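Every heavy atom of this structure was used, including side-chain atoms; hydrogens, water molecules and symmetry mates were not. Numbering of ligands and ligand atoms starts at 1, following listing order. Numbers here are sequence positions counted from 1. Being a predicted model, the structure only gives us computed values, none of them experimental.
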Amino acid sequence: MTAEYKVHGDVAVITLNNPPVNGLGHATRLGITEGLAKAQADAAVKSVVVTGAGKAFSGGADIKEFGTPKALAEPNLLSVILALEACTKPVVAAIHTVCMGGGLELSLGCHYRVAAPGTNVALPEVKLGLIPGAGGTQRLPRVLGVETALNMIVSGEPVKSELLASLPGQKLFDKMAASAESVVEEAIAFAKDVAGKGGELPLVRNLPCKHPQGDAYFQFAKNMVGGMSKNFPAPLKCVDAVQAATKMKFDDGMAEERRIFTALMFTPESSALRHIFMAERAASKIPDVPEDTPKRDIKTVGVIGAGTMGGGISMNFLNAGIPVKILEMKQEALDRGIGIIKKNYEAQVKKGKLKQDKYDQRMSLLSTTLSYDDLKDCDLIIEAVFEEMGVKEQVFKKLDEVAKPGAILASNTSTLDVNKIASFTKRPQDVVGMHFFSPANVMKLLEVVRGEKTAKDVLATVMALGKKIKKTAVVSGVCDGFIGNRMIEQYSRQAGFLLDEGATPQQVDKAIEKFGFAMGPFRMGDLAGNDIGWAIRKRRAVERADMKYSKTADKLCELGRFGQKTGAGWYDYQAGKREAIPSELVNKMIEDHRKELGITPRKISDEEIVQRLVFALVNEGAHILEDGIASKAGDIDMVYLTGYGFPVWRGGPMHYASQVGLYNVAATMRRFALNPRDDAAFWEPAKLITKLAAEGKSFS
Ligand code: NAI
């Protein structure tokens, strides 16, 4: 049982006890109803207090039960709330710390609510593509008024209890306690008091629910919410449900809420958001690294290289209050790098996003050096020098000499072999890849590259540190490109073939942007610099000469069109502007290239473009799983959602493929294999895909 029952004098106290946040799992729900039955049956009990142990009243549904039959097993949350309402003795919720989702709905079924200040109150269901499903949309407007309630339901954001308590006319809280520590005691006193007074027990369901402007208000709300929630159906449905509360009898409104909730449950958007919620939490768990693995203490960080990446990487640690020392080869390089960090922070100060004292504090944590000796006290040293094995070798040999024992030595390499880099030291167990994405102070993704010899405590430390600097850290094994760039290579190859066959860069970009990507492959190339891919292809041409590519990207680079930084790439750019203008010259270059190859261009549908780009990611992703480079499909999705602009409402490439159905995905791949201009061998569906499809399964 995960709810305790105790009697204090004539007050029964039911305490939810399901750490960490008293999730309303089946056993907890059962505990509440059994407690209520005991209280009801005991003549000596005059009133009941419901509260939560530890650091929450209740955080709502138990995520361990998500999508399982247990989530709906009786007594389900609706039944528990009905039981609370039906109790003939006054029930008082003693609310503190966290009161969210089903937890808040539970409290709204109680006759009275006493709350501690500082409590985070929210109905966050919209963040999972749902609406509250246990009366939240019907009861919250009755106690807070339509506008406040709708704002909370549509945003899903927590609001502090004292703020809610200060709203004129609010009926959410009957009393504010002095503190979280005293709330149960104060609720007991309150319960005794109301039990002594007798009289009818108040129910939220009996309160009126109206907005003075009626339907006009809801029309405005829909215009606003609809404009802000493109691609996500749930926010608009929140408005519908609250409107129902104002128009229908309570029980009919409840039925309407249930109908909307159930319909949303089956939308691909909600499925994607729920998948992401779980995948995000699962990403920090590494199968063979127990959660209690001891971690190394990281008090100071060294960064080598003050270029594009070194500067951004440093800012992450400064933001988290961790001192950083940057090393460069020359003073000028240091000055330039520090100048960019300053400029970035100053822009934030100007926009009012960063307070001056915070800025001063961050800059005071930053120091620079030209000497490796100054790194000897660093607990973690991250290398972000040129992407050349020879340079990495020099740096890691030097680090091996100066770094203190136990220091973690990390490389930000995007493609090089981390095992080889580790072999330049006599302590490969301390070497790990920390692959940040550009701009490193903004992008959420951190690929943590696990070398063959990387120690478990090094991994555990870096994963925890990733959380501290607010990154989504995902573990990748060692391979060319790790998870993200290994997959993007296949995506880029398809983009190139599409040009050869008849598409233009703008058609490809438009199609995939319409699918939801933040940026198509060609606009992306122009932003990141087409020369980067060129250099990688040159290296790979030696290592993997059999890999088939379209030659257009190389031809573009031969023209010096590296992208925005050279004012021209796949598109033309006007000085100082980022708008991509279709380039006649490039389109002519592509046409000429087709002629050289003897290709008659064909009209390619947007659907084919999207499928070829996305399924290329999926097939390579499946190989990555087969090779053990990623430990779960959800990790691959997190990489693409946080590092590559994959549309959130589609849940990542692997989740999307599961939604399409792996049988369909495999069949489409086989069809692509018949295209003589494409790479037939690549389109052989990964064994994992055919196996799962045959078993009727998906990646999840
Ligand atoms: P960058 O060229 O902007 O900066 C490299 C810096 O390292 C330069 O300031 C250079 O003076 C310094 N440097 C070179 N050799 C050095 C040495 N021996 N000792 C000290 N400093 C030295 O390069 P960027 O773009 O910052 O890339 C750095 C690393 O990060 C590379 O391994 C790259 O593959 C990786 N990376 C780059 C991304 C990007 O989008 N630019 C994304 C993810 C990783």
Distance from [atom] to nearest protein heavy atom, with residue and atom:
{"atom": "atom 5 (C) of ligand 1", "answer": "Ala384 O, 3.6 Å"}
{"atom": "atom 40 (O) of ligand 1", "answer": "Ser438 CB, 3.3 Å"}
{"atom": "atom 4 (O) of ligand 1", "answer": "Gly307 CA, 3.3 Å"}

Counting each atom of ligand 1 from 1 as listed, which ones have a heavy atom of [X] under 4.0 Å away?
{"X": "Phe386", "result": "2 (O), 5 (C), 8 (C), 10 (C), 14 (C), 15 (N)"}
{"X": "Thr413", "result": "32 (O)"}
{"X": "Thr308", "result": "3 (O), 25 (O), 26 (O)"}
{"X": "Val395", "result": "18 (N)"}
{"X": "His435", "result": "43 (C), 44 (C)"}
{"X": "Lys392", "result": "31 (C), 32 (O)"}

Before accepting this row, confirm whether a basic side-chain N of the pair [X]/[Y] lies closer than 4.0 Å to the acidic partner's carboxylate O.
{"X": "Asp379", "Y": "Lys404", "value": "yes"}
{"X": "Lys687", "Y": "Glu626", "value": "no"}
{"X": "Asp678", "Y": "Arg612", "value": "yes"}

- Message: If you count every heavy atom of other residues, nucleotides or ligands that lies below 6.0 Å from Lys565 atom NZ, does the total exceed 12?
- Response: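 Yes, enclosed.
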- Task: Please say whether more than 12 non-hydrogen atoms of neighbouring residues, nucleotides or ligands are located less than 6.0 Å from NZ in Lys453.
- Result: no
- Out of Val391, Val385, Ile340, Asn412, indicate the one that has the non-hydrogen atom closest to atom 31 (C) of ligand 1.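 Nearest heavy atom to atom 31 (C) of ligand 1 lies in Val385.
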- Item | For atom 19 (N) of ligand 1, the option (of Glu328, Gln394, Met329) bearing the nearest heavy atom | Met329
- Query: Side chain, backbone, both or neither: which part of Phe436 has a heavy atom under 4.0 Å from ligand 1?
  - Reply: backbone
- Using a 4.0 Å heavy-atom cut-off, say whether Ile304 meets ligand 1 through its side chain, its backbone, both or neither.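 For Ile304, only side-chain atoms sit under 4.0 Å from ligand 1.
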- Message: For Phe517 and Phe646, I'd like to know if the aromatic rings sit close, meaning centre-to-centre distance below 6.0 Å.
- Response: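 That pair passes the under 6.0 Å test.
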- Do Tyr644 and Phe437 have ring centroids that are under 6.0 Å from one another? yes
Under 3.5 Å between some N or O of ligand 1 and some N or O of [X]?
{"X": "Glu383", "result": "no"}
{"X": "Glu387", "result": "yes"}
{"X": "Arg336", "result": "no"}
{"X": "Met309", "result": "yes"}

- Query: In terms of the angle between their ring planes, are Phe515 and Tyr656 parallel, tilted or perpendicular, with boundaries placed at 30° and 60°?
  - Reply: perpendicular
- Would you say the side chain of Val289 lies within less than 4.5 Å of the side chain of Arg450, judging by non-hydrogen atoms? yes
- Message: Quick check: do Met443 and Thr642 have side-chain heavy atoms less than 4.5 Å from each other?
- Response: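 No, side chains not in contact.
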- Evaluate the 4.0 Å heavy atom contact test for atom 23 (O) of ligand 1: does a protein atom fall under the cut-off?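 It does not; no protein heavy atom is within 4.0 Å.
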- Query: Mind checking whether Phe437 has a heavy atom under 4.0 Å from ligand 1?
  - Reply: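 No, that is not the case, since the closest heavy atom of the residue is not under 4.0 Å from the ligand.
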- Out of Asp554, Asp531, Asp572, Asp526, which residue meets the salt bridge (charged side-chain N to carboxylate O under 4.0 Å, His left out) rule with Arg561?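 Option passing the salt bridge (charged side-chain N to carboxylate O under 4.0 Å, His left out) with Arg561: Asp572.
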- Can the positive tip of Arg493 be found less than 6.0 Å from the middle of the six-membered ring of Phe497, inside 45° of the ring normal? no
